[in-house]
Every structure is written in structure tokens, then in C-alpha cells.
Amino acid sequence: MERYDPKAIEPKWQKTWLENGCFRAGDESGKERFYALIEFPYPSGVGLHIGHPRPYTGMDVLARARRMQGYNVLFPIGWDAFGLPAENYAIKNNIHPAEVVRHNVEHFRGQIRRLGYSFDDAREVNTTDPDYYKWTQWIFLKMVEHGLAYKADVPVNWCPSCKCVLANEEVVGGLCERCEAPAEHRDKSQWMLKITQYAQRLLDDLDLCEFPARVAAQQRNWIGRSEGAEILFAIAGTDESLRVYTTRPDTLFGATYMVISPEHPLIGRLESRIQNLAEVDGYRKAAARKSDFERTELVKDKTGVRLDGITAVNPATGNDIPIYVSDYVLMSYGTGAIMAVPGHDTRDWEFARAFGLPIVEVVAGGDISKEAFTDTETGTMVNSGFLNGMEVAEAKKTIAKWLQGKGLGEPKVRYKLRDWVFARQRYWGEPIPIIHCPQCGMVPLPEDQLPLKLPEVQNYKPTDTGESPLAAIGEWVNTTCPQCGGAARRETDTMPQWAGSSWYFLRYADPHNQNELASKEALRRWMPVDWYNGGMEHTTLHLLYSRFWHKFLYDIGVAEQPEPYIKRTSHGFILGSDGTKISKSKNNGMDPDVIMREYGADTLRLTILFIGDFEKGCQWSEKAIKGCRRFLERVWAVKPGASAVDEVKLHQTVKKVTEDIEGLKFNTAIAAMMSLLSVMEKGCSQFDMNVFLRLLSPFAPHISEEMWARQGEKGLCCEAAWPQYDPAKTVEDTVELAVQVNGKLRGTVTVARGCENDTAAAAALGTERVKAIAEGREPVKVIVVPDKLVNLIFKG
RNA sequence: GCGGACAUGGUGGAAUUGGCAGACACGCUGGUCUUAGGAGCCAGUGCGCAAGCAUCCGGGUUCGAAUCCCGGUGUCCGCACCA
């Protein structure tokens, strides 16, 4: 018999699928649509890595199954090709980034084809294609028009290794998300996107999204909504005041001092009154030198300096209270100043202890000599004038009214989310289409001049000065103002890599449109994305950013729905065979190409899905490959004959595989097929085989196609109709009941399905084992779960 | 500190969501075929000689708990001096 040889059959079918356009989404189709989306890859030089095949294979199974179920499926792929790695590789090897991308994309395309993925080859998008980034720039200009994109002098995170600024979301634990260099502080004039304007909607509309709990929770956490009040504290003897934000206005009577951040502008304004200015300046300079990493991770002991010569007035008590500068207060959150209530805030308590400041109890219920009492559920107000005796919740309302009445404060909602730093000082990104004119100021490039293409240059190395390499390209930078026609300069920063990916799912609907980012009809046909699978690492980056962009596009009438994705799932990470992150140096991982060469794409696809629950993390193991390859070889060897498999088994398997695909339970779907196969090996009909191949087809499409053809079936297996099951035929006529005595399993008994409880109980009582235990006694209680079990309770 | 997830044989992992724990696979053991096998096929495989005991530990609810509740331990992930 001919051996199973994937090398001989896989390329053949990949070619057939491509030539027949099997996976092209139909714009004219009358079928119900299904839009399945994976996160498009960054085409790096090393090709597909371990992270890609798992989500792609999983979603490919879903897409293939849905096609067979009669849906018009859009399952596209593209290339998120701007960004630092291509640029760095280009610099190192002296090749233009565009050339690097072209080469890498070709490599990726080949690998993806060899894996048998059913991506629509006619809808590829590439973020670095001017026909694509024209629309990225267009969206940016619309944001400028609507006041959502603005340039501001703000303290930003600077990565000294990547030599560009980082968004808040790109700093992880004080380190650059990409290269893990400690981020530094720089003050720079920056393009920003006002994502904060959408904070509440991004939060509220999570209810419209079918996100996994962990994804929704993480976004909520990142948006970080809190309710409190802003309160004004007068500076004694001046017209100045200090505005603070607090979530505990109820504890105002306990505010015994104030703290401002080292960057707070009050210090500059009251310089002349500060008696220890040298000391204060010294502290500020030391704080400025620290990176975020040092400020938050390493230094937990409270430090600070009192501003001698100025005091604030507690508006509730009328007392003069000292003001400190300390780096535990951040300029980037709230107002950069706090009222310190050491009795009821852990950080303030620590600071007060270190500096010998009074700690006053205003909420009874704890022991503030030992630690701050921060509970808001159980406390009663004390030492708080007109608030005394109230519970915390009531005190909050009362003090808010009182403050508003006196014009000293107002309720305020705050978010941790900050505006998105949207400029990078690098070459390989979308140019920001803005012109700086000495007469007219910042002028948006007119839409008819889009795309603003990147210039061809010799040198695109980043600089240490914080200037983009584009700044050195005179003939590109120097231009004329679209408004006054005078000499002007182009913006030289480029957009971050997250720009192109913030709307790419819309472009798939209509990828070749020259007049719009996508036509209304196409967007109506395909959006929103039905099912989007992607990595957890993008939860507070791409996933949040793209929701924001889509909401904006919805507001200006481009998008049709408030949310871009109906359902989001997230695959678990594959760890190395040693349980740690896969890396080349540790040699604990897998190279898709190597495995494909040795075992074939179908085996790799099965292995990746069989290894564990798709949505949970799992460990890679060479051992798993063998079992899957063995399975396919056994499939190959089955020869249909006269006898047929048990109808119930067949229908059960169809049901199980159908349902498991919907739930992304690919591992148990494969197990069910393995189980059916072992029955088929004992004898099966041509029809059994036909059903089996259709079930297997989304998982192992090549072998299914080959055997389908060899069986003489008509058409392509991947275009055959999905097998149907008859629910009535998924169950046997008889059932085996578990027989328990006093809750313990004592045997089984076979009865007719759906039989009366009395009949089941009688059958259970009639078993030898039960008779022996009963010794003639009658059970005091009988519990029957129909078709499941009988539990007999005996006394004693 | 806040938020999320998780803990099942030698291993990866199943368990219709409160109803026969360990599906499926790896590994292992024995057999068989073979000049040979790190190939194939067949059988066995949670622990225990047994009665029994078993889903991280301790309580609880229930006729019945891997599953629900309370307490504890441990692991992973996200955020974090966020006022």
C-alpha cells in the first residue's frame, strides 16, 4: 500500500485551492456573512515564529468550518509592516526598509500557504503601502479637524535605545515594551491623540462587546475610572490656591498637610516666598534624574522636603497646614497635588510617620496608631465637625454639597487613562501630514495631497537629539504652506506602529478602494468583525487603540457601529518544552518549517490544537507530534468496506466536533475524531468515511482533500457541506445507570432510555450487589436522576 | 496593595457545568511480527495485596462536590506611591 506522504500531497492541494479561489470572500453572495479575524503579523526577518500558528490554525479551522456550513466567510490577512525592527534591520544591513518588508512578506506568504491556511489572497493589505497609509493619514487629519489630535509640550517617556518617545501603554514596569531599556523622562513637544475624551465610552461600551472576562477587566483597570472631588486649598497670605483631587473628600477634616509633586508649577510661582529654595531645588533635581522605574519600583521609602515659608489652609478646619514636595505624588495623575490624610491613607500615614506629622482620626473603626484605616464600608465620622456621626457614604455626599456651596470644590470623575503620545522620531512610519508655517502656524496637508509619501533617503538612522531622521532631508522638509504659499517646513515625526493596525479590519472590507478607506456598502456588508482572536498582550494597546479609532470613525459617520468587534477570544501562549518562554538560545521551542518538512502541515496543525485548551497556556512537546502523525497515518490506512460504524457513534462525533469548534475546544474535537477512527478501523462504510473526511477537513485539510478525491467524491472536500447530525440519533435506546448506595458507586444497571423512575429504581434494587448490601432492608430514600443514576439510601 | 486566572495520574490534558473522575494522547509494562528496531499490531496501565483510598490543604452545603460556599497554601498574568 502507498505510504502517507504529506510532501507529495500538500503542495498540490494548496495550488488547487488557490487556483480555484476557494477562500475568496464573495461581495455579491447572498449567503450570511461571517468575518473571522486574526491579528495581522509584523513580517519580521526570521519568518513565522511559534506565536503565529496557534491563533492562525484555530481561526482557520473556524473559518473553514463556517464555509462548509454555508457562510460567506471573510478571513483575511495583511502585513503590519511599519516599525522599528524592519528599520533596524535595514540600517544594519544597509537595505531600504521597503525592500526588507517586500522580502519578508514574500517569505511569510510562502510559509502561510504551506500551512494550508485559508486566507483570502485577494484582500491582503500592507500598512506600508502608500495606497493604504493614505487613509491612515486621512484619519489623522480628521482627528486634527475634530480637535482629537493636538501638539503639546508634555513630559514623555523616552527610550534611549529605540531613540524615540513611547506611549504610556508601551512602558511596562518602567521599561520599554520593545527593548526593555529603562524609559527616561523628556519634555518634548508631541503629537497626542485625545483618547481620554473617549474614556467613559470605552468603558461603558465594554458591555456591548463579547470579551473574555480577563480582557474586559484589564481594559477597565487600565481606563481606571474613579469618582471623587476636586478641592481648593488657599495658600495662606497669597492669592494662590492649590487644587487637589481626592476620592475621599469625606476625610477633609483629617487633612493635616499637603504634598505636591516635584514638577508642580506652584513652586515656580511662589519661589520668592520659599525660604529653603536651595534644598527644594536639590530635591526636585534629584527626582528629575530618576527614571519612572526608579521612582516606582525601587524607592518605596517616603522622601520629601517641606516648603518653608508657605502654608495652606484646610477649608474645613481653617487650620494652617504645611506643604511638602515629594515624589510619591505624580504630576501625571490628578492635579499633581494631594491633601494628605495620614489617618486614612497608607502612603500619607507612612509619610507622616517619617516626618513626624500629626495623624488625626476622622473615621472611627481602626487603630490609626498602628496603621491607616482605609475602610470605607464600616467607618463612622469623628473629629469632623458637621460630619460627625455619619457613615462614610453619607459624609461624602454632605461634604460635596458643602464644598460646592462655598465654591471650594466640586465632584469630579478621573481616569488613569492618559492621552496617547502619537509621534515617533523614526523614519519607518507614516509621515504626519502637517506643515509648520511661520505665518499660519500648524497647517494640515490638504486631503488631495495624500498620501504624503516617505522620501527615498540614504540615511534613516535615528538621532539622539530627539529629532526624526526626516528632519535631515532638506528637499522633503522644506515645502510651501498650503494656506499662504510661503516657505514652511513639514512635520518630521512619524506615526507609531499602532496607527496602521488601528483600522486595518475596515480596509479588508474593500481593500482596493482608491476613493474612500472603504465603501459604505462594503462596510455594511462586513462590519463589525464577528470573531476576533488575538493575544492578551494587545489588550491595553492595539485592542484599546482600535476601539478608540473605530469610535471616532463612527462619530464622523464612516463606521456604522459603535464597536468594531462582536466577539473577542484570546489564545493561550505556547511555552517551551521546559515550561519557560520559547527562545532560540534555549532550544526549547519549535520551528514551524522544520516540523512541516519532517511531518507535514496537517500534522503540525493537529498538534498545535491537540496540545491543550486553545484559550489556556500550554507547553510545547515534541511528543505530541507523534500521536498526531500516527493518527493521520491510521486515517490514511482505513479502507471502507461493507460494514458501517454504529450510527449513534457517528452522529455523536458530528455533534461533538461541530460544537467544539464553536467553543474553540479543538483538543477535544480531535480526541472525538480519534475515538471515531478507532471504531472505523474495525469496519466502516464509504459513507462513514465521507462524513469523517468532512469533519477532519478544517483541521487537516490536505489529507482530507486527497482521500476525498481518491474515494471518488465529487468536488473539493473543503467546499463540501458540513455534516449534519440528527439529535435523536446521538443517543442509544438503552442507558447504563450508575447505581449508588448512600452516595457511593456500587455498580451499574442497563435500562431503557427515558424509563420511569420506579422502573429504574427497581432495576437498581435488583442488582446482586445492592441485594447483598441491603440484606432485605428497604431503602429509606431513593433518588433517581433520569438516564443518569439511582442513589439508594439505607439506614444504619 | 488592587484586579484577573488557575491547582486533576509518571506527562500533556478530559469530565455533558452538581450525577460512574482520569476521555484522547504521550510515556511505561508485557506479548507478537522481525536479521534488527526508537516501526507496526495486540493487551495492560490513578494508588492499594485487600476492604478501600483518590481531583492543593482544612471546614461547610447536598442523597451526591474536581465542580457551589467559607478559610488557608501555592502558581501564573495584568496594573501599581493613581490620591
Side-chain angles (χ1 to χ4, degrees), chain A residues 172-174 212-222 224-226 228 244-248 251 259 261 295-297 299-302 326-330 332-341 344-348 350-351 374 414-418 536-537 539-540 572-573 575 577 579 606-607 610-613 615-628 630-631 633-634 637 652 655-656 659 665 667-675 677-678 681 736-748 779-793:
Chain A
V172 179
R214 53 185 173 156
V215 172
Q218 220 166 294
Q219 288 210 349
R220 260 187 209 108
N221 202 300
W222 187 259
R225 184 184 201 271
S226 69
V244 303
Y245 172 71
T246 177
T247 53
R248 298 293 307 274
T251 62
V259 186
S261 137
R295 243 171 104 160
T296 61
E297 295 296 312
V299 188
K300 291 287 184 190
D301 288 334
K302 299 284 178 290
S326 174
D327 62 6
Y328 85 88
V329 172
L330 309 173
S332 51
Y333 185 75
T335 63
I338 61 158
M339 65 177 210
V341 184
H344 306 282
D345 180 281
T346 309
R347 296 150 302 173
D348 298 345
E350 285 168 12
F351 190 87
T374 57
R414 285 258 169 204
Y415 305 90
K416 286 193 220 173
L417 185 70
R418 288 181 239 168
M536 280 306 289
E537 72 275 17
T539 301
T540 54
F573 253 34
L575 295 174
S577 43
L606 279 175
T607 307
F610 186 62
I611 200 162
D613 187 313
E615 296 186 86
K616 284 188 199 143
C618 63
Q619 215 168 305
W620 176 252
S621 157
E622 291 284 331
K623 289 171 185 169
I625 302 173
K626 258 178 117 171
C628 291
R630 227 176 256 171
F631 167 61
E633 280 177 4
R634 281 166 54 205
Q652 278 175 344
K655 180 174 194 280
K656 177 78 180 149
E659 289 174 353
K665 302 292 177 199
N667 52 342
T668 48
I670 293 167
M673 290 187 281
M674 287 173 166
S675 172
L677 176 69
S678 60
E681 283 172 325
E736 201 178 47
L737 297 183
V739 177
Q740 295 183 343
V741 175
N742 295 338
K744 288 203 166 135
L745 183 69
R746 294 298 179 206
T748 59
V780 293
K781 194 171 177 187
V782 177
I783 291 139
V784 179
V785 181
D787 298 339
K788 293 276 186 205
L789 61 71
V790 179
N791 190 7
L792 306 162
I793 313 301

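Lettering follows sequence order; numbering is per chain, from 1. Just so you know, these numbers come straight off a predicted model, no measurement behind them. Excluded from the calculations below are hydrogen atoms, water molecules and symmetry mates; all remaining heavy atoms, backbone and side chain alike, are included.
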Can you check the [X] [atom1] to [N] [atom2] distance for me, whole Å?
X         : N       : atom1 : atom2 : result
His344(A) : rC81(B) : NE2   : C1'   : 19 Å
Gln219(A) : rC77(B) : CD    : P     : 21 Å
Asn667(A) : rA23(B) : CG    : P     : 14 Å
Glu615(A) : rC76(B) : CD    : P     : 22 Å
Lys623(A) : rC26(B) : NZ    : P     : 11 Å
Met536(A) : rC79(B) : CE    : P     : 10 Å
Lys788(A) : rU17(B) : NZ    : P     : 7 Å
Asp787(A) : rG19(B) : CG    : C1'   : 12 Å

Could you work out which one of [options] sits closest to the side chain of [X]?
X         : options                   : result
Asn221(A) : rC81(B), rC24(B), rG78(B) : rG78(B)
Ile783(A) : rC81(B), rA83(B), rG19(B) : rG19(B)
Ala738(A) : rA83(B), rC20(B), rC79(B) : rC20(B)
Val329(A) : rG4(B), rG12(B), rA83(B)  : rA83(B)
Lys744(A) : rC79(B), rC24(B), rC53(B) : rC53(B)
Leu745(A) : rC20(B), rA83(B), rC63(B) : rC20(B)
Leu330(A) : rG52(B), rC41(B), rA83(B) : rA83(B)
Asn791(A) : rC41(B), rA23(B), rG64(B) : rG64(B)
Asp613(A) : rA14(B), rG12(B), rC81(B) : rA14(B)
Lys626(A) : rC41(B), rG27(B), rA15(B) : rG27(B)

For [N], give its Watson-Crick or G-U wobble partner with both distances under 3.5 Å, or none.
N       : result
rC81(B) : none
rA65(B) : none
rA23(B) : none
rA15(B) : none
rA7(B)  : rU73(B)
rG44(B) : rC28(B)
rU34(B) : none

Do the side chain of Glu736(A) and the base of rC20(B) come within less than 3.5 angstrom through a donor-acceptor pair of N or O atoms?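 It does, because a donor-acceptor pair links the side chain of Glu736(A) to the base of rC20(B) below 3.5 Å.
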
Taking atom types as they are modelled, would you say the side chain of Lys302(A) forms a donor-acceptor pair with the base of rC81(B) within the 3.5 Å cutoff?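 Flag set: donor-acceptor pair detected.
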
Heavy atoms only, 4.0 Å cut-off, all strands: where does [X] land among base, sugar-phosphate and nothing?
X         : result
Thr748(A) : base
Phe351(A) : nothing
Asp348(A) : nothing
Ile338(A) : base
Gln218(A) : sugar-phosphate
Arg630(A) : sugar-phosphate
Cys628(A) : nothing

Looking only at atom [atom1], what distance separates [N] and [M], rounded to whole Å?
N       : M       : atom1 : answer
rU17(B) : rC68(B) : P     : 14 Å
rG58(B) : rU16(B) : P     : 25 Å
rU45(B) : rA36(B) : C1'   : 28 Å
rC57(B) : rU67(B) : P     : 11 Å
rC56(B) : rG74(B) : C1'   : 8 Å
rA66(B) : rG19(B) : P     : 10 Å
rA5(B)  : rC81(B) : P     : 24 Å
rA21(B) : rG64(B) : P     : 15 Å

Tell me which of Leu789(A) and Thr246(A) sits closer to the 5' end of RNA chain B, going by the nucleotide each one is nearest to.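 Looking at RNA chain B, the more 5' nearest nucleotide goes with Leu789(A).
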
Nearest nucleotide by nearest heavy atom, which residue falls closer to the 5' end of RNA chain B, Gln740(A) or Thr668(A)?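 Counting from the 5' end, the first nearest nucleotide belongs to Thr668(A).
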
Between Asp348(A) and Tyr328(A), is the side-chain contact (heavy atoms from CB on, under 4.5 Å) condition met? List the steps. CA-CA 10 Å; Asp348(A) 298 345; Tyr328(A) 85 88; 2.8 Å; yes

Hey, does [Y] have a side-chain heavy atom less than 4.5 Å from the side chain of [X]?
X         : Y         : result
Asp345(A) : Phe351(A) : no
Met673(A) : Leu677(A) : no
Thr251(A) : Met339(A) : yes
Leu417(A) : Gln219(A) : no
Val215(A) : Gln218(A) : no
Gln740(A) : Val790(A) : no

Distance below 4.0 Å between Tyr245(A) side-chain N/O and rA83(B) OP1 or OP2: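 It does not, given that no N or O in the side chain of Tyr245(A) lies less than 4.0 Å from OP1 or OP2 of rA83(B).
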
Where does rG74(B) land, syn or anti, given syn is within 90° of 0?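 Anti, which is what one calls it when the glycosidic angle falls more than 90° from 0.
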
Within 90° of 0 counts as syn, otherwise anti: where does rU55(B) fall?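 Chi for rU55(B) falls in the anti range.
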
Audit row: Met536(A), Phe573(A), side-chain contact (heavy atoms from CB on, under 4.5 Å) steps and yes/no: CA-CA 9 Å; Met536(A) 280 306 289; Phe573(A) 253 34; over 6 Å; no

Please test Arg634(A) against Ser678(A) for side-chain contact (heavy atoms from CB on, under 4.5 Å), starting from the C-alpha separation and ending with a verdict. CA-CA 9 Å; Arg634(A) 281 166 54 205; Ser678(A) 60; 3.8 Å; yes

Which heavy-atom pair separates Ile625(A) from Thr607(A) by the least distance, and what is that distance?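 Smallest heavy-atom distance, with atoms named: CA-OG1, 3.6 Å.
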
